[in-house]
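Here the structure comes first, spelled out in structure tokens, and everything after it is commentary.
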There are 2 protein chains.
Amino acid sequence: MSRPTIAGVARAAGVSVASVSRVLNGLPATEEMVERVQRAVAELGYVPDARARSLKVGRTFQLTLAVADVGNPVYVTMMRAVEEVVSAAGYRLVVTTTGPDVVDEVALVRGMARGYADGLLISPLRVDEDLVKSIRECEVPVVVAGNVPAKAGVDTVRANSPKGMLLAVDHLVARGRTKIAFLNGPADTVPGAARAKGFADALKAHDLEAVATAEASDFTFAAGRAAAPELLVAEVAVGLDAVICANDLLAVGVMHELAAAGLRVPEDVAVVGMDDSELAEQSFPPLTSVNLGSAERGRRAAELLLARIEDNDRTPRRIVVQPSLSIRKSTP
Amino acid sequence: MSRPTIAGVARAAGVSVASVSRVLNGLPATEEMVERVQRAVAELGYVPDARARSLKVGRTFQLTLAVADVGNPVYVTMMRAVEEVVSAAGYRLVVTTTGPDVVDEVALVRGMARGYADGLLISPLRVDEDLVKSIRECEVPVVVAGNVPAKAGVDTVRANSPKGMLLAVDHLVARGRTKIAFLNGPADTVPGAARAKGFADALKAHDLEAVATAEASDFTFAAGRAAAPELLVAEVAVGLDAVICANDLLAVGVMHELAAAGLRVPEDVAVVGMDDSELAEQSFPPLTSVNLGSAERGRRAAELLLARIEDNDRTPRRIVVQPSLSIRKSTP
DNA sequence: TTGTAAGCGTTATCAA
DNA sequence: TTGATAACGCTTACAA
């Protein structure tokens with residue numbers, strides 16, 4: 001015996017399929033009709049088919065969140081926030097992972113035209129013409145958590161990393177650290193570019209020069225460790241006393257290398273991360289980290305997506321979330 | 001202008017919808033037919049609707065992976081392994097999160113009957129009659145990464161935590177640590193119960209008595225920190241010299257509390273975690289951890305799921321993956 | 001090789 | 001209030 005359909009329920013209840021559908025959707029019906037249908041539904045264990053339903057009504061009540069790397073704790077913060085908003089609105093959230101390449105991101109956006117979900121929330125690491133084009137042409141609403149040109153004509157929620165960088169530098173300087181190095185992720189990524197510029201500006205604001213900068217091949221722990229030695233030469237050369245990292249994973253990687261080199265955090269070298277993810281509290285010493293508002297970005301991005309699903313004609317909004325600094329033990 | 005359908009393509013190409021479908025699916029057609037259809041497809045930017053297609057063919061080519069907590073790094077290991085296998089087989093993987101409650105897990109399994117995916121991979125924290133029943137009655141193939149009664153009649157891939165516990169205790173004893181405490185997660189969970197028993201048996205095998213045991217309210221970092229003080233009383237009382245934790249997050253939580261109490265890891269107290277997740281390498285000191293084979297479990301579970309989709313009549317397999325120990329710096 | 005048409009499981013329109 | 005029926009966009013017999 002195969003899965004029961006609405007027709008089977010109708011037959012079992014001795015009513016029409018239309019009536020079954022009505023009862024199921026809470027439309028007016030007599031007491032008795034409701035009763036009969038519900039009994040048949042329960043008896044057969046009928047569950048409506050979401051594909052057929054969505055084919056008809058044009059909605060799936062699913063939303064997709066695409067993240068570049070499930071291993072990056074910043075995404076779990078964001079995911080939790082998004083989940084909360086969308087499930088409260090009666091949508092299922094499905095998460096999918098794209099990897100760091102823009103081509104996969106484009107393929108994902110294009111693929112949304114297949115009707116998998118009613119909306120898409122992406123946070124792309126790299127952005128190119130193709131991606132902008134695919135977003136603009138996408139059949140379903142897209143919201144970008146990150147920075148994408150205004151001509152993409154899409155709602156965005158982004159962080160203010162320059163301001164965040166300034167917070168980090170202010171803090172270090174206030175604690176007497178001025179020989180500051182910077183470990184960035186790939187500079188050809190959107191966050192990488194923003195943070196590089198932010199760092200440069202923040203140092204300039206304090207009339208400081210970078211003691212060293214390095215670029216990790218990825219925003220990962222392993223890449224952070226691999227790139228750290230480049231920074232450490234500055235330690236012997238000029239007495240580096242602080243390093244700011246483009247995210248928490250990189251910062252934790254650096255702290256490991258610092259320890260391996262016999263340097264203490266924060267006594268010898270202070271370390272500041274960015275994202276203020278769960279990892280920042282879990283690391284040892286707990287990591288001072290720039291909170292770029294990932295939870296709030298997730299929440300607001302989700303709200304924008306829901307709003308656009310309701311009304312696709314609203315003019316795109318570009319929200320910027322302000323950063324704050326979570327001071328922990330990795331800085332003096 | 002709305003989204004183009006196969007009928008639109010057919011009209012534009014001046015052929016029948018059947019021919020368009022055939023060309024799109026690579027079925028035999030003349031050179032010219034292929035040419036005309038492809039031109040029309042490109043011109044209109046046509047993308048086939050996955051819902052309609054799957055309604056017809058009865059397959060979605062999507063697989064669902066449900067995890068209890070996206071913040072638990074053991075799931076990222078598993079997710080990566082699953083993703084690799086299923087995408088190689090031409091399926092999309094979508095991840096969804098259930099939370100720790102069994103009712104949500106049941107709702108998820110029941111909901112699969114709605115046709116969201118061709119198969120489901122779950123790793124439930126808690127298992128009850130309802131869940132077993134829902135799995136048995138599920139319309140789509142289910143594979144469980146974890147332990148579920150054989151009567152569920154489902155493929156399972158589980159870890160051997162007793163053996164893993166023994167590995168941990170063996171290691172500690174070999175390094176001269178015999179005053180061992182245990183921090184478990186909730187004992188009413190499947191992994192919690194297995195690890196409690198494993199720990200007890202492992203100690204017995206060494207003629208040892210537990211110096212202290214505690215139960216965290218969750219398998220999380222915060223719960224680990226909160227529960228740690230219970231263990232620390234044993235330190236002052238009898239000179240605790242090692243603690244085994246039911247997962248890496250708990251272990252990291254304990255290490256923080258140990259540090260707060262002025263105890264050094266591993267000199268004063270050795271710590272061993274379980275799962276050997278990315279967090280184990282990232283933590284400081286790097287955590288000695290029992291590798292319960294999460295990557296292999298993910299891989300094999302995905303393979304079982306694909307196999308069952310091919311042939312739903314095969315008899316359910318119950319695979320056990322053997323553990324190993326990843327020795328790092330948190331043990332002497 | 002190509003076209004016609006029936007259906008996949010729903011919902012929505014229209015009469016009754 | 002209820003029932004018959006036409007879509008939704010696709011695939012696939014079956015005919016031509």
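Every chain is numbered from 1 and lettered A, B, ... according to where its sequence line falls, protein lines coming before strand lines.
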Select base, sugar-phosphate, or nothing to describe what [X] touches, counting heavy atoms under 4.0 Å on all strands.
| X | result |
| --- | --- |
| A/R22 | base |
| B/S21 | base |
| A/V34 | nothing |

Salt bridge or not for [X] and [Y], using N-O below 4.0 Å?
| X | Y | answer |
| --- | --- | --- |
| A/R59 | A/E310 | yes |
| A/R300 | A/E296 | yes |
| B/R80 | A/D69 | yes |

All salt bridge (charged side-chain N to carboxylate O under 4.0 Å, His left out) counterparts of B/R308, not counting sequence neighbours | B/D155

Return the set of residues passing salt bridge (charged side-chain N to carboxylate O under 4.0 Å, His left out) with A/R39 (not counting sequence neighbours), or none when no residue passes.
-> A/E35

Shoot me the first and last contacting nucleotide of DNA chain C against chain B, ordered 5' to 3', at under 4.0 angstrom to non-hydrogen atoms.
-> C/dT1 to C/dG9

Verdict with supporting geometry, A/K151 and A/E129, salt bridge (charged side-chain N to carboxylate O under 4.0 Å, His left out) = CA-CA 11 Å; A/K151 67 173 174 182; A/E129 277 303 322; 2.9 Å; yes

Protein N or O to nucleotides 5-8 of chain D N or O, pairs below 3.5 Å:
residue: D/dA7; atom: N3; partner: A/K56; partner atom: NZ; Å: 3.0

Which parts of residues 106-113 of chain A get close to DNA chain C, meaning a heavy atom less than 4.0 angstrom away?
-> none

Rounded (10°) bend between the five-pair end axes of the helix from C/dT1-D/dA16 to C/dA16-D/dT1 | 40°

Go through the steps to decide whether A/V109 and A/I122 satisfy the test side chain to side chain contact (heavy atoms under 4.5 Å, CB included), and finish with yes or no.
-> CA-CA 9 Å; A/V109 177; A/I122 51 174; 4.2 Å; yes

Is A/R51 positioned over the aromatic face of B/Y116, cation under 6.0 angstrom from the ring centre and no more than 45 degrees off axis?
-> no

Quick one: does A/S123's side chain have a donor or acceptor within less than 3.5 Å of a partner on A/A145's backbone?
-> yes

